[in-house]
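Just follow the structure's listing: the first ligand is 1, and inside any ligand the first atom is 1.
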Amino acid sequence: MTPSSKARRLLVADDDANVLDAYRRVLGELVGRDGSTSSDLDDLSAELFGDDPAPSDAPALLEEVIYCRQGEDAVRQVEDARASSKAFAIVFLDMRMPPGIDGLETARRIRAIDPDVNIVIVTGYSDHKPSEIAAAIGRPERLFYLLKPFDGAELQQLATALASRWTLDTGIADELAKRVAQLERMYAELKASEARAQELARLDALTGLSNRSGLSERFQAEVQAATAQGRQLSVLYLDLDRFKDVNDSLGHAIGDGVIRGFAERVSQAIGKDGFAARLGGDEFAVVCFDRPRVAELSERLLQACALPYVLDGDTVRMSVSIGIAHCDLGQPDLVEAMRQADIALYAAKSAGRGVAMEFAPSMERDILGTQRLARDLARAIATDELTLHYQPLVCAKGSPIYGLEALLRWQHPERGMIPPLVFIEVAEKTDLIRDLGDWVIRRAFADSRLWPDLVTAINLSPAQLRAPGFVERVATLAREMNIDPGMFELEVTEMVLIEDVAQAAEKLRQLKDIGFTIALDDFGSGYASLAYLSQIPFDRLKIDRSFVEDLRSKSGADGVIRSIVGLGASMGLSVTAEGVEDVQQHRFLQEVGCTHMQGFLFHRPLTVEAVLTLRGSRPEIRLSA
Ligand code: C2E
Ligand code: CA
Ligand code: CA
């Protein structure tokens, strides 16, 4: 609203009817030239004020003038005006208005109602000093005096000036009020966006689930409700199995899609039984509101995750491992519960993945044992506590040695000899496998210089082959150590193929291109389908020791071996039988067509010195297959 558009109203209070008429005549001209002025009034005015009327073509300045004869009436008028938002710009008050309250009291009450109105005290003689009046009424800057009898022009001038000033003041006040309202709106918006920002800080951007801080906040809120109702909260720690492989092989976009899809399934599976949070990467937490429901809930989560994810034409199969811990009834502690759930998760992963396990104190001891072993192993790799033994590989006919399989040995200073399968598993779980695998390759390359005419077989673990840059590292090492890759056979198990055939096939092909030969170790012990055999450039099958062992006890074992050998032969592969311990086994295996053998019947794994002694004393081992 612009200042000039504001209605300007004026109030006059005087007990003398004649004086009021005089006001009417002078002020009426400011209201407009609508004939409200009369010649009688003109005369009276001239008589009273000794003055000419104001020029009648002055612009209408006032909207309305209200006249009353008593102070109480004036106060009431001001009250009404305030109530209907039609405030007065100016009030002219006679000092004495018997029988009612005088001008001073009227002014005091009016000021209390309307702090902005301009008050003009009209007085014939001074009963009070202006300073006293100002002190009694307040706001001296809006307090004025007019001496009776007043001059018409002076009254008009005063009314005009004060009306304009009021317009300006209230206009500014309006403007200010608008600005204040605007500021308040801005402040409210700011508050809202701040609240939103705080909410976002508690949410995970990718999935819309709570993040870590959201989890602990919500957990605290749930603790109160649960404690009040005597419910026991449980915490589930979820980790997608081998998610890193999906990310590495299919790219981060697909990886993100899996995470988002999984988050949705988790939310759905939970329903009203709890809430979920993403802890980062492929790790999630679920808080279950009621312990008795947690088993069923984790079953639903396992199933929900197992359904295939179809993303951009790729079908991805995932599983999830879950660790479960229960909070104390009295004092639920999220950090402790998560720690226990994490340990249970580790146990679930070790138990083969895709399962849920509840925390048990024994798990903690196992983990401590594993951690200690991992720490010792790291030291063992660095300080050469490890050695390689070599088990001779022989040709089926006449059993001359054509090669040596490198087998890891760890003589632990306190715990004695630790079987390779035990510490290799620890290495695979703790990422030590890369250093360990590199150590074996380097050692075997170096040792092989002592038997340049023999093939050296090296075992590769799936985790080792999976690690990025493996092929390049082996190639570099072969070049640096100046070995002939053609004299090395790399042994991998079916486990390599179960996880990602395409990637494994590619890496094995690269190794073969460098010149290494590739053997499929422990053949028949895994669960991989035979379809991969044609996709992977194997040179050799090694029949798992268990089949050879079965020859002694189980009927039908011979049939199995026969068909494996037949399969190998039809694909043009060499076939080695492992674990040959007696002459009958040897004879049978030779009969059915095994080309090579390995076992205690021929040689146990030997130290490097023992190999050299063996070679010195047995010249025929120089014969190469
Ligand atoms: P593997 O690759 O199947 O190695 C053959 C295992 O059979 C060796 O056990 C060997 O001592 C044993 N063996 C050989 N002939 C006979 C026999 O006639 N009868 C019986 N009962 N056993 C026989 P070892 O040395 O305990 O190694 C066990 C496994 O540990 C290996 O199985 C291999 O999978 C793994 N391993 C050993 N060294 C390495 C290594 O340097 N790297 C990797 N990744 N794995 C290794
Ligand atoms: Ca092997
Ligand atoms: Ca084997």
>> Heavy atoms only, cut-off 4.0 Å: how does Glu578 contact ligand 1, side chain, backbone, both, or neither?
In response: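 Glu578 to ligand 1: side-chain contact only, backbone stays beyond 4.0 Å.
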> Can Arg604 be said to touch ligand 1, with heavy atoms closer than 4.0 Å?
Replying inline: no
> Taking the six-membered ring of Phe600 as reference, does the NZ or CZ atom of Arg604 fall below 6.0 Å from its centre and within a 45° cone about the axis?
Replying inline: yes
> If you count the atoms of ligand 1 from 1 in the order shown, which ones are under 4.0 Å from a heavy atom of Arg409?
Replying inline: 11 (O), 25 (O)
> Polar-atom distance check: Gln598 versus ligand 1, any N or O pair below 3.5 Å?
Replying inline: no
> Would a 4.5 Å heavy-atom cut-off, applied to side chains only, mark Ile561 and Phe588 as touching?
Replying inline: yes
> Can you tell me if Arg540 and Thr517 form a side-chain donor-acceptor pair at under 3.5 Å?
Replying inline: no
> At a non-hydrogen distance cut-off of under 4.0 Å, which region of Ser461 contacts ligand 1 (side chain, backbone, both, or neither)?
Replying inline: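 The answer is both, backbone and side chain.
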Between side-chain atoms of residues 409-416 and protein atoms elsewhere (two or more places apart, or another chain), which donor-acceptor pairs fall under 3.5 Å?
residue : atom : partner : partner atom : Å
Trp410  : NE1  : Glu385  : OE1          : 2.9
His412  : ND1  : Glu414  : N            : 3.0
His412  : ND1  : Arg415  : N            : 3.0
His412  : NE2  : Asp376  : OD2          : 2.8

>> Give the atom numbers and elements of ligand 1 that come within less than 4.0 Å of a heavy atom of Val580.
In response: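 The atoms of ligand 1 under 4.0 Å from a heavy atom of Val580 are 18 (O).
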>> Does only the side chain of Ile424 get under 4.0 Å from ligand 1, or the backbone, or both, or neither? Count heavy atoms.
In response: side chain
> Just checking, any donor-acceptor pair under 3.5 angstrom between side chains of Gln598 and Thr576?
Replying inline: no
> Numbering the atoms of ligand 1 from 1, which are under 4.0 Å from a heavy atom of Glu581?
Replying inline: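 Within the 4.0 Å cut-off of Glu581, ligand 1 contributes 17 (C), 18 (O), 19 (N), 20 (C), 21 (N).
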> Is there an N/O/S atom in Asp521 at a distance below 3.0 Å from the Ca ion (ligand 2)?
Replying inline: yes
> Who gets closest to atom 16 (C) of ligand 1 by heavy atom: Phe600, Phe423, Phe602?
Replying inline: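 Ranked by closest heavy atom to atom 16 (C) of ligand 1, first place is Phe600.
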> Who are the side-chain hydrogen bond (donor to acceptor under 3.5 Å, both in side chains) partners of Thr370, not counting sequence neighbours?
Replying inline: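 For Thr370 there are no side-chain hydrogen bond (donor to acceptor under 3.5 Å, both in side chains) partners, ignoring immediate neighbours.
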> atom 33 (C) of ligand 1: which of Asn459, Leu436, Asp522 has the nearest heavy atom?
Replying inline: Asn459
>> Tell me the contacting part of Asp521 for ligand 1: side chain, backbone, both, or neither, using a 4.0 Å heavy-atom threshold, strictly below.
In response: side chain
>> With rounding to the nearest 0.5 angstrom, report the CG to CE distance, Leu345 to Met363.
In response: 10.0 Å
> Counting heavy atoms only, which of Leu601, Leu386, Leu407 comes nearest to atom 8 (C) of ligand 1?
Replying inline: Leu407
> What are the atoms of ligand 1, with element, lying closer than 4.0 Å to any heavy atom of Pro605?
Replying inline: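 Close to Pro605: 11 (O).
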> Numbering the atoms of ligand 1 from 1, which are under 4.0 Å from a heavy atom of Pro420?
Replying inline: 24 (P), 25 (O), 26 (O), 27 (O), 28 (C), 30 (O), 37 (C)
>> Taking 4.0 Å as the limit for heavy-atom contacts, which would you say applies to Glu405 with ligand 1: side chain only, backbone only, both, or neither?
In response: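 Side chain only.
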> Between Leu408 and ligand 1, which part of the residue brings a heavy atom under 4.0 Å of the ligand: side chain, backbone, both or neither?
Replying inline: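 Both parts.
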>> At less than 3.0 Å, would any N/O/S atom of Asp522, backbone or side chain, sit next to the Ca ion (ligand 2)?
In response: no
>> Tell me whether Glu264 at atom CD has more than 12 heavy atoms from other residues, nucleotides or ligands lying less than 6.0 Å away.
In response: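 No, CD of Glu264 has 12 or fewer neighbouring heavy atoms, counting only those of other groups under 6.0 Å.
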> What atoms in ligand 1 come closer than 4.0 Å to a heavy atom of Leu421?
Replying inline: 28 (C), 29 (C), 30 (O)
>> Has Gln510 got a side-chain atom pairing as donor or acceptor with Val471's backbone, closer than 3.5 angstrom?
In response: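 No; judged by distance alone, with no hydrogens or angles, the pair does not exist.
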> Does some non-hydrogen atom of Pro419 fall short of 4.0 Å from ligand 1?
Replying inline: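 No, Pro419 has no heavy atoms under 4.0 Å from ligand 1.
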>> Can you see whether Tyr309 has Arg265 sitting over its ring - NZ or CZ less than 6.0 Å from the centre and within 45° of the normal?
In response: yes
